[in-house]
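Numbers here are sequence positions counted from 1.
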Amino acid sequence: MEQTDKNLFQIGEVTKALGVTRRMLINYENLGLLTPAVRHDNRSFRYYSADNMVHIRIIRTLQDLGLSLPEIRSYFDDTTHLDEQIERLLQLRNQLDQYIAQLKLRQIHTSAPEVCHVTFPAFTAFCREFHGVDLERKTAELRQTYIHAVKHYQIDLHNRMRIQIPVDSNLDGTYIIPVVSESKGKDIRTFPQVSAICIYYRGAYENFPAVHARLLEYARMNGMTLHGYFSNIFMEGPPTHGGNKDAYITQIALPIKFVE
């Protein structure tokens with residue numbers, strides 16, 4: 001390395017220090033995400049500055065958060081229109097919260113589940129309304145709604161199927177199967193981003209009304225204005241645990257508006 005390059009790093013030093021590969025660095029460069037401080041094309045030598053190293057760490061962090069390289073390129077290119085990246089990170093945060101809650105509920109515990117504050121990103125879904133339906137029929141019809149959605153649409157793997165019901169009725173509501181945002185059709189709806197309080201509940205679906213009551217009481221005690229419905233978001237149920245209802249895990253949410 002030349003004397004003028006004494007504060008720079010060779011590619012081998014970068015890969016060792018940051019735990020990345022040469023191929024990854026070249027890929028970042030080809031995608032316009034990274035520009036080495038010095039590059040000798042005739043010898044294919046690259047030297048990286050301390051700023052380059054910090055920038056590489058930012059790229060890796062965003063990758064670890066789940067952003068694709070094109071999304072990261074958009075992140076760096078546009079600092080004013082980042083709605084898609086913000087929504088994606090909110091979605092990832094929601095997924096992480098759900099998985100952490102699942103792991104906690106799989107442990108043996110005796111404490112009552114706590115009320116959490118969450119943000120649900122906007123999503124698109126195939127929907128069907130139901131009226132005057134008991135729990136057994138809801139379970140069967142939700143399965144049929146899911147089957148229909150799979151046959152006709154691409155399923156959104158980041159959001160889970162759910163049932164939405166009004167706070168004043170357990171017999172009416174909507175079956176909701178998330179699908180990719182490009183989906184079209186008369187039964188396709190777009191749900192906006194909402195804030196909510198929720199409980200990650202482990203147990204039989206028959207006990208949902210008690211969890212609903214607890215969320216309503218929490219909202220009343222904390223001066224929250226309701227959106228008017230519950231979302232029962234199914235995380236682990238019959239497909240995973242068969243008839244062992246005590247092992248079912250559901251995120252039960254109550255969208256709210258925080259009162260100033």
Establish whether I176 and I155 are linked, either directly or via other cluster members, by ILVMFWY side-chain heavy-atom contacts under 4.5 Å.
no

With a distance cut-off below 6.0 Å to the six-membered ring centre and an angular limit of 45° from the axis, does R162 pair with F123 as a cation-pi contact?
yes

Nearest 0.5 angstrom please: Y218 OH to C116 SG, how far?
9.0 Å

Between the main-chain N or O of H148 and the side-chain N or O of H152, is there a donor-acceptor pair closer than 3.5 Å?
yes

Looking only at side chains, do D156 and N159 share a donor and an acceptor under 3.5 Å apart?
yes

State whether the number of non-hydrogen atoms from other residues, nucleotides or ligands found under 6.0 Å of R143 atom CZ is greater than 12.
no

Min side-chain heavy-atom separation Q251-F120 under 4.5 Å:
yes

Is the backbone N or O of R214 less than 3.5 Å from a side-chain atom of E217, with the two atoms forming a donor-acceptor pair by type?
no

Looking only at atom types and distance, does a side-chain atom of R73 sit under 3.5 Å from a main-chain N or O of L31, one as donor and one as acceptor?
yes

More than 12 heavy atoms of other residues, nucleotides or ligands under 6.0 Å from OH of Y146: yes or no?
no

According to a hydrophobic-cluster definition based on side-chain heavy atoms being under 4.5 Å apart (Ile, Leu, Val, Met, Phe, Trp, Tyr only), do L135 and V133 belong together?
yes

Would you mind reporting whether Y153 and I188 have side-chain heavy atoms less than 4.5 Å apart?
yes

Does any part of the side chain of L216, heavy atoms only, come nearer than 4.5 Å to the side chain of L254, both counted from C-beta?
yes

E141/K138 ion pair, N-O < 4.0 Å:
no

Does S68 offer a backbone N or O that forms a donor-acceptor pair with the side chain of E71 under 3.5 Å?
yes

Quick one: CG on L34 to CD1 on I58, what's the gap to the nearest 0.5 Å?
11.5 Å

Rounded distance (nearest 0.5 Å) linking atom OG1 of T225 with atom CZ of R220:
13.5 Å

Within a strict 4.5 Å, meaning less than it, do heavy atoms of the L33 and L69 side chains meet?
yes

List the steps and the verdict of side chain to side chain contact (heavy atoms under 4.5 Å, CB included) for Y201 and N207.
CA-CA 9 Å; Y201 168 71; N207 298 328; 2.9 Å; yes

With rounding to the nearest 0.5 Å, note down the distance linking CD in Q144 to OG1 in T139.
12.5 Å

Could you please spell out the steps behind the side chain to side chain contact (heavy atoms under 4.5 Å, CB included) verdict for N170 and F208?
CA-CA 10 Å; N170 194 40; F208 283 0; 5.9 Å; no

Run the side chain to side chain contact (heavy atoms under 4.5 Å, CB included) check on I199 and L215 step by step: do they pass?
CA-CA 8 Å; I199 288 174; L215 286 172; 3.8 Å; yes

Determine, for R46 against E29, whether the closest basic-nitrogen to carboxylate-oxygen distance falls under 4.0 angstrom.
yes

Start with the C-alpha gap between S49 and L8, add the side-chain angles, then the distance that decides, and say whether side chain to side chain contact (heavy atoms under 4.5 Å, CB included) holds.
CA-CA 5 Å; S49 66; L8 300 180; 3.8 Å; yes

Scan side-chain atoms only and decide if H212 and N232 contain a donor-acceptor pair under the 3.5 Å cut-off.
yes

Do V180 and T124 come close enough that some side-chain heavy atom pair is under 4.5 Å?
no

Which distance, rounded to the nearest 0.5 Å, do you find between the CG of L67 and the CD1 of I59?
12.0 Å

At their closest point, which heavy atom of Y200 faces which heavy atom of M235, and how far apart are they?
CD2-SD, 3.8 Å

Mark yes or no for whether T15, through its side chain, and G12, through its backbone, hold a donor-acceptor pair below 3.5 Å.
yes

Taking S195's backbone N and O only, do any of them form a donor-acceptor pair with H117's side chain (distance below 3.5 Å, no angle check)?
no

Side-chain touch S183/F126, heavy atoms, less than 4.5 angstrom
no

If you draw a 6.0 Å radius around CD in Q154, do more than 12 non-hydrogen atoms from other residues or ligands fall strictly inside?
no

Test your reading of the model: is there a side-chain donor-acceptor pair from Y248 to the backbone of G242, 3.5 Å cut-off?
yes

Interatomic distance, OH@Y229 vs CD1@I163, rounded to 0.5 Å, equals 15.0 Å

Contacts of type side chain to side chain contact (heavy atoms under 4.5 Å, CB included), residue R60, not counting sequence neighbours
V20, M24, Y28, I56, R57, Q63, D64

Given 3.5 Å as the limit, does a donor-acceptor pair link the side chain of N27 with the main chain of R23, or not?
no

Write down the atom of A196, the atom of A253, and the distance for their closest heavy-atom approach.
CB-CB, 4.3 Å

Transitively linked via ILVMFWY side-chain contacts under 4.5 Å: I197 with I165?
yes

Would a distance-only check, ignoring hydrogens and angles, find a side-chain to backbone donor-acceptor pair under 3.5 Å from N52 to A37?
yes

Is it the case that the side chains of T174 and Q164 hold a donor-acceptor pair, with the cut-off being a distance below 3.5 Å and no angle test?
no

Side-chain touch F9/M53, heavy atoms, less than 4.5 angstrom:
yes

By ring-ring contact (aromatic ring centres under 6.0 Å, His included), H227 pairs with (sequence neighbours left out) none

Salt-bridged, E129 to R189, with N to O below 4.0 Å?
yes

Would a 4.5 Å heavy-atom cut-off, applied to side chains only, mark R160 and F234 as touching?
no

Heavy-atom neighbours of E136 CD exceed 12 at 6.0 Å
no

Under 4.5 Å between side-chain heavy atoms, counting indirect links through other Ile/Leu/Val/Met/Phe/Trp/Tyr residues: same cluster for I177 and F230 or not?
yes

Honestly curious: do M161 and F191 fall in one hydrophobic cluster under the side-chain, below-4.5 Å linking rule?
no

